Asks: 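Below is a structure I'd like to ask you about.
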Amino acid sequence: MALITSWVCLTPAQQRWGCMTTMMTWTWTWLKPRRTLRSWTRATLSCRTRKLETRWRVTAVTETLVHLMMKTRRMMMMCGGDDDDDDEMIDEEEEEAEEEMGESDAADSDNENEGETEEEADTPDTKTAGSKSETVDSAAGKYVPPHLRNAGDDKRKAELEKLKRNVKGLVNRLSEPNIASISGQLEELYMSCSRKDMNDTLTEVLLAACVTPALMPDRLLMEHVLLVSVLHHAVGLEVGAHFLETVVRKFDDVYKNPGKGKECDNLVAIVGHLYNFQVVHSGLIFDILKRLVGAFTEKDVELVLFVLRNVGFALRKDDALALKELISEGQHKASNLGSKFQDQTRVRFMLETMMALKNNDMRKIPGYDPEPVERLRKLQRTLIHRSAGGSDMKLRVSLDNLLEAEQVGRWWIVGSSWSGAPMISEQGNATSKQSTAEGQFSATVLELARKQRMNTEVRRNIFCVIMTSEDYLDAFEKLLRMGLKDKQEREIVHVLMDCCLQEKTFNAYYAVLGEKFCSQDRRFQMTFQFSLWDKFRELSNLPSSVFNNLVHLVTRFLQRKCLSLSILKVIEFGELDKPTVRFLRQVLTKLLKETDPEDLASIFGRISGIPKLGMLREGLKLFISHFLLKNAQSQGPAEQAAMLSERAQVATKAMEAKEAKLKL
């Protein structure tokens, strides 16, 4: 009551001052316990949280002040202070307070907008990524192969650069001791990356390291090519095929536009070492040599010498006949065009090198050292033994096939896709290597093939080629150009045997063609041997004409040394029946009577000294003495019997020659 009395006694100005003092005191009393909390919040919360906390506290203080002012006004009214001036001042203060609250609310809203703007500025990547994903989702639909996708993508460029750095690092460390580990790491890259990217990158890195304006050392080239050979056998044919095609195309470009550097020599050396390490067949090397000999300039003579020094003796071993033809062509070119050269020594040296290869004389080739190649080939056999299993992985592709791959496709790569029309060049000329039999051969030949039961397209084409060729060389070339592989290639021998045996009288054309194939590759010899063994088991069921033709064919193969007498090892001499005795008597009689003694000694000497053929030698000796010599005098004149006896002694001594040396 005393407080109210004292308050009433105060003037209006004193009352206002007291209210303001009281409000400030209450505000300070309310904020003081929260100082610790506010300092701790500023130290722990984020910047945005501190701003929100400050705005909230300012708003709370303002609201408290308004409530205190309203409460003070009510107290003054209770005390009877109804002065108009005072009321107007209080109303003005309330309006000012409300305006301050509005301004604080507007400031809060502005700060919140600024905070949202900052949040948006902090997350531009998220929105960009979202827009990219939406673009990808909207654009999704048609599948695009990897090699046709956007090459300018930064991410893909970065991946390719990283892959190139990895491959280049491995290739730079390549040497003979660590080639096994490096090839293993490259195989892992082939498993984890795209094969196209790996082929392109590996080829680019190897060519950059090996094809330079200076002549590269042979050992460096051999180590890099050996790496390609190991990957060719371990990963797949497309590795060596892609590298070979790139090298041959680059060689063609450099050869057509010659320069002062040694790039062409390095490229030829790479192709030669690919042949040394069993990546490519000898046919490609002969194609390149024929192209060089055909032009016969000074640079061509230099390259021919370079190739023959590196792979000449290997070519002689694989295909001596083709090498002989190449040497003859080189001699002919030298005699016609050699006079135009200012320096004749290079041409003479090339001819001497060719004659040394022909005579198998390594001493006359200066600088020839087969030891590094042989050492690396042993290492190659060790590395690819498990993966390849001894299978033939050579690429039997010609120079024209590689240069025209974009027009005619890559048939030598299993599973390769190609979108062009079959075997049609850019000029629109139809150059089909294997046209269908219906469009190439006459109806008469096709009807004959049907009668001979050539029931597959491969057998029908082979039969028609054999029957319509001008001579055995024409037939041989056409059959090779068919590009048959593995089992299809064996059909050549089967069709040839059927045609030969179905003739009414023996036709030497089939025998000569068979000799040509036997001399071309040992695979054909093995196929002929297996086919003859099948016929030996059916001697009792063969018609007389087929029987006689088989006798002539076997005798011809033995005389020409296409096959050895070891083909008779499947015959059991202890259990001979009449057809087998008649067959052996006719074959051995023709062989002894129609062969010179020197050739006879060579034929029978091929089976001497071999332990596994001991039973065959004893069986032949017994058969000659028991079935041939005993009845010789009664079946013919005495002169023929004496000659047969002499030839039989020559054959017997030839079979015993190496056995006697072994005993001594």
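What's counted below: heavy atoms across the whole structure, side chains too, no hydrogens, waters or symmetry copies. Just so it is clear, the model here is predicted, and its values are computed rather than measured.
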Asks: ring-ring contact (aromatic ring centres under 6.0 Å, His included), that's the test. Do W533 and F530 meet it? Break it down for me.
Replies: CA-CA 5 Å; W533 285 355; F530 291 136; 5.6 Å; yes
Asks: Less than 3.5 Å apart, any donor N or O on the side chain of Y255 or D300 sitting next to an acceptor on the other?
Replies: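 There is such a pair between these side chains.
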Asks: Does K250, at its NZ atom, have more than 12 non-hydrogen atoms belonging to other residues, nucleotides or ligands within less than 6.0 Å?
Replies: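 Open: at most 12 neighbouring heavy atoms sit under 6.0 Å from NZ of K250.
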Asks: With a 6.0 Å cut-off on the ring centroids, do Y472 and Y509 count as close?
Replies: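 Centroid distance Y472-Y509: not below 6.0 Å, so no.
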Asks: Please round to the nearest 0.5 Å and tell me the distance separating atom CG of L274 and atom CG of L221.
Replies: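 L274 CG to L221 CG: 10.5 Å, rounded to 0.5 Å.
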Asks: Looking at side-chain heavy atoms only, is the closest gap between R173 and I182 below 4.5 Å?
Replies: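 With C-beta onward as the side chain, the pair touches.
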Asks: Indicate whether any N or O donor in one side chain lies under 3.5 Å from an N or O acceptor in the other, for Y275 and N310.
Replies: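 Side-chain D/A pair, Y275 to N310: absent.
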Asks: May I ask you to decide if the ring planes of F517 and F524 are parallel, tilted or perpendicular, using 30° and 60° as cut-offs?
Replies: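 Geometry flag for F524 against F517: tilted rings.
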Asks: Output, in order, the C-alpha distance, side-chain angles, deciding distance and verdict of side chain to side chain contact (heavy atoms under 4.5 Å, CB included) for C210 and N266.
Replies: CA-CA 7 Å; C210 297; N266 292 327; over 6 Å; no
Asks: May I ask you to say whether E457 pairs ionically with R460, meaning some side-chain N is under 4.0 Å from a carboxylate O?
Replies: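 Answer for the salt bridge query: no.
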Asks: Taking only Lys NZ, Arg NE, NH1 and NH2, and the carboxylate oxygens of Asp or Glu, determine whether E245 and R249 approach each other closer than 4.0 Å.
Replies: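 Here E245 pairs with R249 in a salt bridge, since their nearest N and O are under 4.0 Å apart.
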Asks: Please say whether more than 12 non-hydrogen atoms of neighbouring residues, nucleotides or ligands are located less than 6.0 Å from CZ in R375.
Replies: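 Yes, because the 6.0 Å sphere around CZ of R375 holds more than 12 heavy atoms from other groups.
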Asks: Quick check for you: to the nearest 0.5 Å, what is the distance between L496 atom CG and I466 atom CD1?
Replies: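 Here the interatomic distance stands at 5.0 Å.
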Asks: Between atom CD1 of I571 and atom CG of L616, what is the distance when rounded to the nearest 0.5 Å?
Replies: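 Taking CD1 in I571 and CG in L616, the distance rounds to 8.5 Å.
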Asks: Do other residues, nucleotides or ligands put more than 12 heavy atoms under 6.0 Å from E470 CD?
Replies: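 No, CD of E470 has 12 or fewer neighbouring heavy atoms, counting only those of other groups under 6.0 Å.
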Asks: Could you tell me if the side chain of M655 sits less than 4.5 Å from the side chain of I607, heavy atoms only?
Replies: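 With C-beta onward as the side chain, the pair touches.
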Asks: Around atom CE of M615, are there more than 12 heavy atoms from other residues, nucleotides or ligands closer than 6.0 Å?
Replies: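 No - once you tally the heavy atoms of other residues, nucleotides and ligands closer than 6.0 Å, there are 12 at most.
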Asks: Ring of F476, cation from K516 - is the NZ or CZ under 6.0 Å from the centre and inside 45° of the axis?
Replies: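 Yes.
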Asks: What do you reckon, is CZ of R377 surrounded by more than 12 foreign heavy atoms closer than 6.0 Å?
Replies: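 Yes - once you tally the heavy atoms of other residues, nucleotides and ligands closer than 6.0 Å, there are more than 12.
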Asks: Test side-chain hydrogen bond (donor to acceptor under 3.5 Å, both in side chains) on S175 and N178; report intermediate values, then the result.
Replies: CA-CA 6 Å; S175 62; N178 65 359; 3.0 Å; yes
Asks: What is the distance from atom CD1 of I492 to atom CD1 of I462, rounded to the nearest 0.5 Å?
Replies: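 Rounded to the nearest 0.5 Å, the CD1-CD1 separation comes to 5.0 Å.
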Asks: Does E302 pair with K262 as a salt bridge, N-O distance under 4.0 Å?
Replies: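 Looking at K262 together with E302, the answer is yes, because their closest N to O distance falls below 4.0 Å.
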Asks: Would you say D599 and S602 are linked by a side-chain donor-acceptor pair, where the criterion is simply a distance under 3.5 Å?
Replies: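 Per modelled atom types, S602 and D599 side chains form no pair under 3.5 Å.
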Asks: Do R291 and D400 sit within salt-bridge range, that is, some charged N less than 4.0 Å from a carboxylate O?
Replies: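 Salt bridge flag = no for D400 with R291.
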Asks: How long is the straight-line distance from NZ of K324 back to CG of D319, given to the nearest 0.5 Å?
Replies: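 Going from CG on D319 over to NZ on K324, the span is 12.5 Å.
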Asks: Go through the side-chain N and O atoms of D200 and H242 and say whether any donor and acceptor fall under 3.5 Å apart.
Replies: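 The criterion, which ignores hydrogens and geometry beyond distance, is satisfied for H242 and D200.
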